[in-house]
Amino acid sequence: VSHHILSVMPIYKPFRKTLPPSVQKDIDSQKCGLRHTVYSVCGNEYTGEWLENKKHGNGIQVWKKAGAIYHGEWKYGKRDGYGTYSVQIPETKEYRRKYCGQWKNGKKHGYGTYFFDSSAVYEGEWADDQHNGWGRMYYENGDIYEGEWLNHKTHGRGLIRFSNGNWYEGSWRDGKRNGDGKFYYSDKGLLYEGFWVDGIAKCGTFVDVGRDSAPSPPEFPFPEIRLVDMELVLREAKAACQ
């Protein structure tokens with residue numbers, strides 16, 4: 001008599017953790033190419049192109065809480081290329097343009113124009129969200145500066161024309177006149193040429209320029225300089241300031 005023993009082995013199914021339907025759907029979709037508007041939980045929305053689940057190409061991003069909108073180019077989830085950033089005016093709910101120009105890695109970088117809350121406007125070069133390089137600034141009071149910038153401050157060579165007709169052309173450092181420069185006083189018809197330290201003229205020469213047409217020139221013309229070596233005197237004074 002033969003006996004057959006049948007051994008039955010239990011079958012185990014691997015445990016699979018289930019994700020929320022919304023998360024699983026987002027993973028499965030792998031946003032790529034042109035899509036309709038995608039809404040986030042906080043109310044923000046994006047309409048535009050995607051690549052590998054990141055904003056990439058042209059698109060419009062609306063930040064609900066901040067009341068801001070960006071319309072332009074994206075690269076792997078960050079503003080990159082040319083685009084316009086606008087903010088919402090609470091009273092009218094309309095959008096006012098703040099910056100239009102180039103971006104890199106989510107920051108203003110390249111050439112662009114920024115509109116301040118006042119009537120002031122800056123147009124020029126940017127780096128890492130700050131004025132860096134060459135730029136022109138139209139101030140609210142009517143002054144206009146054109147020249148070099150470093151981290152939001154006038155720095156390098158530049159010319160500023162004041163609303164009252166005066167102007168300064170020369171060197172700047174940390175937002176102040178520093179180094180060699182010329183300052184023209186339009187009301188007096190005088191031109192000062194010399195050396196500056198932190199916005200203060202330290203040593204130089206005054207000459208009459210347009211005295212006849214100036215509104216309030218000095219009572220007497222400046223006398224001719226009769227120093228044997230005027231340049232030596234200026235060099236020594238400049239060295240003392242430095």
Exercise for review: Please round to the nearest 0.5 Å and tell me the distance separating atom OH of Tyr184 and atom CG of Asp187.
Suggested key: 8.5 Å
Check your understanding: Any idea which heavy atoms bring Arg173 and Asp198 closest together, and the distance?
Key -> NH2-OD1, 4.1 Å
**Study point:** Exam field: side chain Asp208 to backbone Leu190, donor-acceptor pair closer than 3.5 Å
**Key:** no
Check your understanding: Would you say Leu150 and Trp172 make side-chain contact, with heavy atoms under 4.5 Å?
Key -> no
Point to revise | Atom CZ of Arg136 with >12 non-hydrogen neighbours under 6.0 angstrom | key: yes
Study note, to complete from the structure: Correct closest heavy-atom pair for Glu148 and Arg157 would be OE1-N, 2.6 Å
Practice item. Check for a donor-acceptor pair, side chain of His71 on one end and backbone N or O of Ile60 on the other, with a separation under 3.5 Å. Key: no
Exercise for review: First locate atom CG of Asn44, then atom NZ of Lys64, and finally report the distance between them rounded to the nearest 0.5 Å.
Suggested key: 9.0 Å
Review point. From Asp143 CG over to Ile160 CD1, what is the distance, rounded to the nearest 0.5 angstrom?
Key: 5.0 Å
Point to revise | Heavy-atom side-chain contact between Arg79 and Tyr85 under 4.5 Å | key: yes
**Study point:** Smallest separation among heavy atoms of Asn166 and Ser186, with atom names
**Key:** OD1-N, 2.9 Å
Check your understanding: Are the side chains of Tyr111 and Trp134 in touch, meaning some heavy atoms are under 4.5 Å apart?
Key -> yes
Revision key, fill the gap. Separation between CG (Leu159) and OH (Tyr145), nearest 0.5 Å, reads 8.5 Å
Exercise for review: Using atom types as modelled and distance alone, determine if a side-chain donor or acceptor of Thr113 lies under 3.5 Å from a backbone N or O of Val121.
Suggested key: no
Practice item. Report the C-alpha distance between Leu191 and Trp167 in whole Å, list the side-chain angles of each, state the deciding distance to 0.1 Å, and finish with yes or no for side chain to side chain contact (heavy atoms under 4.5 Å, CB included). Key: CA-CA 10 Å; Leu191 178 67; Trp167 55 261; 4.0 Å; yes
**Study point:** Lys108 charged N/C atom sitting above Tyr114 aromatic ring, 6.0 Å / 45°
**Key:** no
Exercise for review: Please round to the nearest 0.5 Å and tell me the distance separating atom OH of Tyr39 and atom OG1 of Thr47.
Suggested key: 6.5 Å
Exercise for review: Give a yes or no on whether the ring-centroid distance for Tyr192 and Phe206 is below 6.0 angstrom.
Suggested key: yes
Check your understanding: If you draw the axis of the six-membered ring of Phe183, does the NZ or CZ of Arg177 fall within 45° of it and under 6.0 Å from the ring centre?
Key -> no
Review point. Closest heavy-atom contact between Ile144 and Tyr139?
Key: N-CD1, 4.5 Å
Exercise for review: Start with the C-alpha distance between Trp50 and Lys55, add both sets of side-chain angles, then the distance that settles side chain to side chain contact (heavy atoms under 4.5 Å, CB included), and finish with yes or no.
Suggested key: CA-CA 4 Å; Trp50 298 77; Lys55 301 162 190 170; 4.1 Å; yes
**Study point:** Residues forming a salt bridge (Lys or Arg N to Asp or Glu O under 4.0 Å) with Glu45, sequence neighbours excluded
**Key:** none
Check your understanding: Would you say Gln88 and Lys93 make side-chain contact, with heavy atoms under 4.5 Å?
Key -> yes
Practice item. Search all heavy atoms of Tyr95 against all heavy atoms of Ile69 and return the closest pair with its distance. Key: CD2-CG2, 3.5 Å
Check your understanding: Just by modelled atom types, is the Ser119 backbone N or O under 3.5 Å from a matching donor or acceptor in the Glu140 side chain?
Key -> no
Check your understanding: Do the side-chain N and O atoms of Asn178 and Ser171 include a donor-acceptor pair separated by under 3.5 angstrom?
Key -> no
Exercise for review: Mind checking ring pair (Phe, Tyr, Trp, His ring centres under 6.0 Å) for His131 and listing every partner two or more places apart, or none if nothing turns up?
Suggested key: Tyr122, Trp126, Trp149, His152
Review point. Would you say Lys104 and Asp128 make side-chain contact, with heavy atoms under 4.5 Å?
Key: no
Study note, to complete from the structure: Interatomic distance, CD@Glu73 vs CG@Asp80, rounded to 0.5 Å, equals 8.0 Å
Point to revise | Side chain to side chain, Cys100 and Phe115, heavy atoms closer than 4.5 Å | key: yes
**Study point:** Worked check of salt bridge (Lys or Arg N to Asp or Glu O under 4.0 Å) between Asp117 and Lys98
**Key:** CA-CA 8 Å; Asp117 292 333; Lys98 290 291 289 183; 2.9 Å; yes
**Study point:** Flag, side chain of Asn132 to backbone of Asn151, donor-acceptor distance under 3.5 Å
**Key:** yes
